[in-house]
Amino acid sequence: MNIQFPNEHSVDQDTFDISFPADVDGNQIRCSVTREALQDQDINPSRATDSAETQFKTNRYQLQQIAEGKIRAGEVQNGKVAITSADVR
């Protein structure tokens, strides 16, 4: 399975969740990270008030690794992978 992550993302202005694409063997999967997961992912408590986008950029590689693990484990539903606080602790 070939998984690549294009360098793009979007911010949901209502929930502040971040979504980003994963290209899996030529098929696009949408990965989403909740705002709470972003806050829990950043191990530096002083950064907890950073914007969702800043937290995502700071932790992009780790979040992509989590998404890749979920994709490989078959945790894709309707073309989407969700990363929550439970995934980053």
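Note that the structure is a prediction, hence the values are computed from the model and not measured. Side chains included, hydrogens not; waters and symmetry mates left out as well; all remaining heavy atoms used.
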Look at the side chain of Arg72 and the backbone N and O of Met1, then say whether any donor-acceptor pair between them is shorter than 3.5 Å. yes
Does CD belonging to Gln28 count more than 12 external heavy atoms closer than 6.0 Å? yes
Closest heavy-atom contact between [X] and [Y]?
| X | Y | answer |
| --- | --- | --- |
| Thr84 | Ala37 | C-CB, 3.4 Å |
| Asp17 | Arg35 | OD1-N, 3.0 Å |
| Asp12 | Asp14 | OD1-N, 2.7 Å |
| Glu68 | Ile3 | CG-CD1, 3.7 Å |

If I take atom [atom1] from residue [X] and atom [atom2] from residue [Y], how far apart are they, to the nearest 0.5 angstrom?
| X | Y | atom1 | atom2 | result |
| --- | --- | --- | --- | --- |
| Leu38 | Lys57 | CG | NZ | 12.5 Å |
| Thr58 | Arg60 | OG1 | CZ | 10.0 Å |
| Asp25 | Gln4 | CG | CD | 9.5 Å |
| Ile83 | Glu75 | CD1 | CD | 10.5 Å |
| Cys31 | Ile66 | SG | CD1 | 11.0 Å |
| Glu36 | Thr34 | CD | OG1 | 5.0 Å |

Are Glu8 and Pro21 packed together at the side-chain level, in the sense that at least one heavy-atom pair is separated by less than 4.5 angstrom?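 They are in side-chain contact.
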Are Asp23 and Asn2 side-chain neighbours, meaning at least one heavy-atom pair lies under 4.5 Å? no
Please collect all ring pair (Phe, Tyr, Trp, His ring centres under 6.0 Å) contacts where either partner lies in residues 52-89, sequence neighbours excluded, each pair once.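 As it turns out, the ring pair (Phe, Tyr, Trp, His ring centres under 6.0 Å) pairs with a partner in residues 52-89, which skip direct neighbours, are His9-Phe56, Phe20-Phe56.
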Under the ring pair (Phe, Tyr, Trp, His ring centres under 6.0 Å) definition, can you give me all pairs with a residue in residues 68-89, not counting sequence neighbours? none
Ser19 vs Ser10, side-chain hydrogen bond (donor to acceptor under 3.5 Å, both in side chains): CA-CA, chis, key distance, verdict: CA-CA 5 Å; Ser19 62; Ser10 61; 2.9 Å; yes
